[in-house]
Amino acid sequence: PSGARVASGLFAGGRGERVFEVILADRPRFNGRLRWASAEPYLRRHAIDHAVEAGRVADLFEDAEYLVYGPPSAVLSYLTGNRGDSTTEDDALRRARDVYGVSLAITARAEPRERRQILQIDSARLGALALQRELTDGAADQVIRVGWVTREVAAAHVRQLGDGHMLLPDFDDEVLVRTPLTLHQGERVVVSGSSKGRLVVRSISNLDAPLRHLAVPTGPPDPVLTAATLRLPDGRVGILGGSESGRVRIWDVDSGDLLDTRSGHRGPVYASVALDLPDGSSAAATGGMDGVVRIWGSASDEPKAAAFVGGSPTRTLRAVFAPDGTQLLVIGALDGRLHTWDLVHDRPWGPEIGAHSGEVRAIVQFALKDGELGLLSGGADGRLRIWNARTGELEALLWPEHTEGVLHVTNMSMPSGAPALASAGRDWRDRVWDLQRRAQVDSFKLPGPINSLDTANVGTILVGFGLSMAELGVDMRAT
C-alpha cells in the first residue's frame, strides 16, 4: 500500500489493527476472492508481520492462497517458532502448520505453482479436504487434479521436530512395484513390493488397509524389482515377480500363497510383462542384467527358449501388436536401443532403433496417423520420442523434456476418446500429453520420488511416490 494509506491507518488509532485492515483493503480481488498472485511484493513479504501485530494471524492463514504465495521464510518462521497450546490453537493455524510441514524441505524451495500442487497432495494425505478444495479452486488452469492420497505414510512418518512437523526421509521400505489388476471377484487391487522382499495386496477402494501379505520365502531378503500378472490354470490371478537374485516367483494373489520359485536369469531381473501367447495360454516375459529375455508359462517349471538375447542388459519390456494383429515384444536396453521381436515367428520385427543416449526406461504403443505402429520411448536422458516401429524413423520429440530421466509412461483413456499419455521422471514430476497435438497439457510436482505410474479409470492415473499412492484426475477441458 502507499505510504499515505498506511499513515492514515496509523493516525486513525489501533495501529496494528488498522495497518492490517489497510493491507487487506489493498489486496487485489477477482470474483470476490483475494488474489495473492498479483499482490505487491510488500504485501506478500510483510502481511504476516502486521497480522501478528494486529492479533489477526488466524485470519491470514485461513486463506489458502497465502500458503501458496506467502514467502516461505516468513511462513515457516511463524509456523515453527510460534506454536500455541494444541487445545487453544486456532484450527486454521493448526491446519496450516500440519500441511505445510509434511514436505517442509520441498515446499519451502518450490515456486508457487509447484508449492500449490505439493500442498494439495499433503492436505489430502492429512485429510484436510477443505484446504485441498480451496487450493484446487485457486488454480483454474490446472488440468491435473488430486483425487485421493493414501494417509498411512503421513500417520507413520510424520514426527514432531521442535515446534514443527516434518515427514522424515526414512524410506528404507520404499515401494518398488505396483501392478493394478482385478481379482476374480471383480475387486480392483494393487500389489506393492518393497526393498525387503515383501509383497502386499491392497484394494483400490481402501489402500490404507492391506488385504493380505503375499508369502515371503525363507532366507535373506530378496527384493522384488518387477512384477507382471499371470493367469493361473484354474483362472485365478497370479503375480510373477522378478527379483534381485535372478529368481522368478509366482504367487496366487487371492490366497497369498507362493506357488513356485524358478531360475533362469544370471543377475537381477529388471523387467517383466504379461503376455497372451498365440496358443491362448497366459505367460510373462522377463529380462534383466544378463540381456536375455525369457518367457514363462503359468504351468511349466522351465522357461521357454530364450525369446531374445541382446548384447546389453534389458531395462524394460512392452507387449504390443502389429497392425495385422501379430503379437510383438519390445525390448528397451541399457545401451539406449529398442528391439522389436515377433513372438509368433520368433524373429526380429522392424529395425533396431538407437532411441536414447542412456538406458530406455519406458515404452508405450499407439497408432500413427497412417495406421503404422508407433512406439513412444522414455529414456534416462529425460527425452520422450515417438518412433515408427516398422521403419525405425523418428516421428516426433515431445517437449519440454523431463529435467532428469524418464521413469514411467502410460497411455491414458480420456472421456473424449482423444489419445493421451502420462509420463513420470526422476524430477518428481508427472506430465500429461495430448498425442494428437504432440504437446504437453499440464505437469504436476509430487513431494517424493515417483516409483510407479499406471492408468486407473477413464481420465485418471495412479501414481506412486515415496511410500504413498495418489489418484490424479485429468480434466482436459481446462486446456
Side-chain angles (χ1 to χ4, degrees), residues 226 228-229 240 242 264-265 269-279 281-296 303-381 383-398 406-411 419 421 423 435 438:
T226 180
T229 57
L240 182 146
H265 285 284
V269 181
Y270 294 132
S272 62
V273 66
L275 300 172
D276 288 316
L277 297 180
D279 62 6
S281 63
S282 177
T286 58
M289 179 62 74
D290 57 9
V292 176
V293 175
R294 298 191 179 277
I295 297 178
W296 309 80
K304 299 180 183 295
F308 173 82
V309 179
S312 178
T314 301
R315 290 299 295 164
T316 188
L317 296 168
R318 176 69 67 166
V320 304
F321 290 91
D324 65 0
T326 301
Q327 185 165 39
L328 310 173
L329 184 64
V330 184
I331 300 110
L334 185 70
D335 63 5
R337 297 182 182 276
L338 288 175
H339 307 269
T340 305
W341 194 260
D342 183 335
L343 290 172
V344 177
H345 302 99
D346 197 26
R347 64 189 183 193
W349 191 97
E352 175 184 283
I353 300 173
H356 295 276
S357 59
E359 63 183 4
V360 181
R361 292 303 305 268
I363 307 165
V364 295
Q365 168 190 9
F366 66 97
L368 299 175
K369 291 181 180 179
D370 54 6
E372 294 270 21
L373 171 62
L375 297 175
L376 185 143
S377 63
D381 54 10
R383 293 174 176 169
L384 291 163
R385 288 172 164 167
I386 297 174
W387 307 92
N388 183 314
R390 184 183 61 82
T391 66
E393 294 177 353
L394 178 64
E395 294 279 331
L397 175 64
L398 299 186
V406 176
L407 294 175
H408 309 281
V409 292
T410 184
N411 291 109
L421 177 94
S423 65
L435 289 180
R438 310 274 174 93

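When reading the values below, keep in mind they use all heavy atoms of this one structure, side chains included, and skip hydrogens, waters and symmetry mates.
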Practice task
Show the numbers, then the answer: is there a side chain to side chain contact (heavy atoms under 4.5 Å, CB included) between L398 and L376?
Solution key: CA-CA 10 Å; L398 299 186; L376 185 143; 3.7 Å; yes
Handout entry: Intermediate values then yes/no, side chain to side chain contact (heavy atoms under 4.5 Å, CB included), L317 and I331
Key = CA-CA 5 Å; L317 296 168; I331 300 110; 3.7 Å; yes
Practice task
Could you give me the CA-CA distance, side-chain angles and deciding distance for V364 and L375, then say whether side chain to side chain contact (heavy atoms under 4.5 Å, CB included) is met?
Solution key: CA-CA 6 Å; V364 295; L375 297 175; over 6 Å; no
Exercise for the section: Would you sort out whether R385 and L397 count as a side chain to side chain contact (heavy atoms under 4.5 Å, CB included), showing the intermediate values? Expected result: CA-CA 5 Å; R385 288 172 164 167; L397 175 64; 3.5 Å; yes
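Atom NE2 of H356 sits about 6.5 Å away from atom CG of L338, to the nearest 0.5 Å. Here the CG-CG distance, from D342 to L329, works out to 10.5 Å after rounding to the nearest 0.5 Å. Taken from CG in L435 to CG in L421, the straight-line distance is 5.5 Å, to the nearest 0.5 Å. The distance from the CG atom of L275 to the CG atom of L328 is 11.0 Å, given to the nearest 0.5 Å.
Ring geometry, H339 versus F308: the interplanar angle falls from 30° to 60°, so the pair is classed tilted.
In this structure, R294 contributes its side chain and G264 its backbone to a donor-acceptor pair below 3.5 Å. The main-chain N or O of S357 is found under 3.5 Å from a side-chain atom of D381 such that the two form a donor-acceptor pair. A donor-acceptor pair is defined here as one N or O able to donate and one able to accept, closer than 3.5 Å; no such pair exists between the side chain of T340 and the backbone of G350.
Across all non-hydrogen atoms, the minimal contact from V409 to A362 is CG2-CB, 3.4 Å. Closest non-hydrogen pair, L373 versus L368, comes out as O-CD1, 4.0 Å. When all heavy atoms of R315 and Y270 are compared, the pair lying nearest together is NH1-CG, 3.0 Å. Nearest approach of A284 to A228, heavy atoms of both residues: CB-CB, 4.4 Å. Of all heavy-atom pairs spanning L343 and I295, the tightest one is CD2-CD1, 3.6 Å. Considering every non-hydrogen atom in both T226 and V269, the closest pair reads CG2-O, 3.6 Å.
Qualifying side chain to side chain contact (heavy atoms under 4.5 Å, CB included) partners for F321, counting only residues two or more places apart in sequence or in other chains: Q327, Q365. Annotation: ring-ring contact (aromatic ring centres under 6.0 Å, His included) contacts of H408 (sequence neighbours excluded): none.
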